[in-house]
Asker: 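The following block contains the structure, expressed as structure tokens.
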Amino acid sequence: MKLNHKLIVALVFVMSIVLMSFNTNSELILKKNKADIVIYGGTSAGISAAIQVSRMGKSVLLIEPSNRIGGLTTGGLGQTDIGNKQAIGGISREFYENIKKYYDNPENWKWQQKSEYKDGGQTRTENNEATMWTFEPSAALKVYMDMLMKEGVKVVYNERLNRVSGVEMQNGAIKSITMESGKVFIGKAFIDATYEGDLMAAAGVNYTIGRESNAQYGESLNGVQANKISRTLAGTISANAYNHNFIDRVDPYVIKGDPKSGLLPNINEKPGVDGEGDTKIQAYCFRMCITNHPENRIPFQKPENYDELNYELLFRNYEARKGAVKDMYTGNAIVPWINSDMPNRKTDTNNRFGFSTDFIGRNYEYAEGTYEEREKIVQDHKNYQMGLMWSLAYHPRIPKEVRDEVSTWGTTKDEFESADGWQQQLYIREARRMISNYVMTQKNCEAIEVAEDAVGLGAYGMDSHHVQRYVDANGYVQNEGNVEAHGFDPYPISYRSIVPKKEECSNLIVPICLSATHIGFGSIRMEPVFMVLGQSAATAAALSIDQGFTVQDLPYELLRKKLLDDKQRLK
């Protein structure tokens, strides 16, 4: 059948309009997903970076893989770890000032009066201080949202990086990143603000996972740390395996005293040689936000897959106390948690003693795992911790004094999206760590070496949670990997430690998974410091764009001046 000439002309016209419309929409979509600086990871570091980019007059896109920004700061870690709060400046300090303003408003005290709350944290607010360092997750989320809104920052939620083929490189720089959804984000500079270092890894930047040997960087607290007491390079004492360990003579076997019955879950035969490295990672947990207010409390629930064998070590650890389950100083029941008071009768609850919220040995595959594998690890941690709380509250093998205390607590109704009151953010204490031209080590923490290109200050002690459980020479169970070395002044964190080697990527900055040894990272890895480094990363990225430098070639004096102008603290 022959088509009428007029009909053909009409069809061509219609098709041209459709194509023009498609091209126009494509251009609009492309423009919408393009910015001067693209930040992947809506953590505390990502948020402060986004705010700084906006303040420097650059366009910014903040991409968060989940549906909630703020990472651990809005995910339960409200009892701020820092060591010396005077080391914190810039946007990070602004956040804690805004927290203070939030709680100065009487409307934000729902479950108790402000006068009833007493902050017992390490960074407790002093009289007339402009900052507040303890807060509910919801308060942190509200403050972050307000700060981002004020700067007009666009947040893109629920977009996960295609970690296999989602990074397009051009002439040694990232040109664009593609999400699993197919969305493409184009930028002049990029910041990896994830806890996992996913963008860094996908871009081909060199990194490590686990513990280095002491010999590699001349350290004393890295690698396997099975000795109860060790010394720092400066000669001070570090409490290692002595803390957060089991009562003496806790049997590790399924049938007590019978090695043929097999080991209880998550116990290794041997820990390795002291000071030698491995690929194991310090334990993760959820920093629980719980409450004892009857109207806001969800009683601890027993998970569907509860297996009593997973808590046998908990029961045996209490039984080894032989009835001595009350603290000799306070008279309270000995509960394996640090239950730090937060406003509105809530807590930030963390690991304590030998068997607690840390799921020791069950996170080794997390850093390199697929998204699906990570989700399973997160769910396993949740099930473990739910089962732990239920056991402490209701299991008959737990001493009555402990059950009476724990059963008065529960998850909160008004904090997180989940109906059971549990958060989605697992405490990723450590994952990948970049290897750049400058590696932060124990020597930096102890001022044996001093970085001359500071972009922030570390101030917390060198700290690692336990890494593994093992059977000791006497046939009993021990935890290994804990390090607690304190007592040094704030120290500078090198700019070179947050930028990759130039030949690997010239427009990427990494403020969280920075270049540091396991033990060096153990001091740096605190949320206020991540915010500081996020702001410094954004400053460097914006200046590099303005001046036409790679991030590696940016003159430090130019960066330093801007950081000081913006009230960062560098010494």
Asker: Quick check with a 6.0 Å cut-off and a 45 degree axis cone: is R433 positioned over the face of Y207's six-membered ring?
Answerer: no

Asker: Apply the test side chain to side chain donor-acceptor pair (under 3.5 Å) to residues T539 and Q52: give CA-CA distance (whole Å), side-chain angles for both, the deciding distance (0.1 Å), then the verdict.
Answerer: CA-CA 7 Å; T539 304; Q52 180 67 5; 3.1 Å; yes

Asker: Taking 4.0 angstrom as the limit, do D192 and R432 come out as a salt bridge?
Answerer: no

Asker: Should I545 and I37 count as side-chain neighbours, where that means a heavy-atom distance under 4.5 Å?
Answerer: yes

Asker: Do F95 and F135 have their ring centres less than 6.0 Å from each other?
Answerer: yes

Asker: Judged by atom type as modelled, is there a donor-acceptor pair below 3.5 Å linking the side chain of D146 to the main-chain atoms of V143?
Answerer: no

Asker: Do you see a donor-acceptor pair shorter than 3.5 Å between the side chains of N162 and T178?
Answerer: no

Asker: Could you tell me whether D463 and R525 make a salt bridge, using a distance below 4.0 angstrom between a side-chain N and a carboxylate O?
Answerer: yes

Asker: Should K58 and D546 count as an ion pair when the cut-off is N to O under 4.0 Å?
Answerer: yes

Asker: Do we see a donor-acceptor contact under 3.5 Å between the side chains of N67 and Q424?
Answerer: yes

Asker: Does the gap between the ring centers of W422 and F416 come in under 6.0 Å?
Answerer: no

Asker: Does a side-chain heavy-atom distance below 4.5 Å link K382 with F286?
Answerer: yes

Asker: Does this structure show an ion pair linking R374 with D198, if we count only N-O contacts that are shorter than 4.0 Å?
Answerer: yes

Asker: Can you tell me how far the CD1 atom of I524 sits from the CE atom of M462, to the nearest 0.5 Å?
Answerer: 11.0 Å

Asker: Salt bridge check, K114 against D104: does any charged N sit closer than 4.0 Å to a carboxylate O?
Answerer: yes

Asker: What I want to check is whether the side chains of S44 and Y144 have a donor and an acceptor closer together than 3.5 Å.
Answerer: no

Asker: Under 3.5 Å, is there a donor-acceptor pair linking the side chains of Q79 and T134?
Answerer: no

Asker: Any side-chain donor paired with an acceptor under 3.5 Å for Y103 and E136?
Answerer: yes

Asker: Tell me which one of L457, L514, V532 satisfies side-chain contact (heavy atoms from CB on, under 4.5 Å) with I493.
Answerer: L514

Asker: Between R163 and E373, does any NZ, NE, NH1 or NH2 come within less than 4.0 Å of an OD or OE carboxylate oxygen?
Answerer: no

Asker: Apply side chain to side chain donor-acceptor pair (under 3.5 Å) to residues Q442 and N222 and explain how you reach the verdict.
Answerer: CA-CA 8 Å; Q442 181 179 345; N222 212 331; over 6 Å; no

Asker: Checking R287 against Y427: charged group under 6.0 Å from the ring centre and within 45 degrees of the axis?
Answerer: no

Asker: Would you please indicate yes or no on a ring centroid separation below 6.0 angstrom for H465 and Y284?
Answerer: no

Asker: May I ask you to decide whether E446 forms a salt bridge with K443, counting only side-chain N to carboxylate O separations under 4.0 Å?
Answerer: no

Asker: Between E94 and K567, is there a salt bridge with N-O shorter than 4.0 Å?
Answerer: no

Asker: Between K413 and D420 (salt bridge meaning N to carboxylate O under 4.0 Å), is one present in this structure?
Answerer: no

Asker: Within the 3.5 Å criterion, strictly below it, is a donor on T517 or E212 matched to an acceptor on the partner's side chain?
Answerer: no

Asker: State which residues pass salt bridge (charged side-chain N to carboxylate O under 4.0 Å, His left out) with R68; sequence neighbours excluded, sorted by chain then number.
Answerer: E417

Asker: Indicate yes or no: does K85 engage E129 in a salt bridge with an N to O separation below 4.0 Å.
Answerer: yes

Asker: Measuring centre to centre across the rings, with the benzene-like ring taken for any Trp, is Y556 within less than 6.0 Å of Y495?
Answerer: no

Asker: Dump the intermediate steps for side chain to side chain donor-acceptor pair (under 3.5 Å) on S340 and D348, then the final yes or no.
Answerer: CA-CA 5 Å; S340 303; D348 170 353; 6.0 Å; no

Asker: Just checking, any donor-acceptor pair under 3.5 angstrom between side chains of Q535 and S48?
Answerer: no

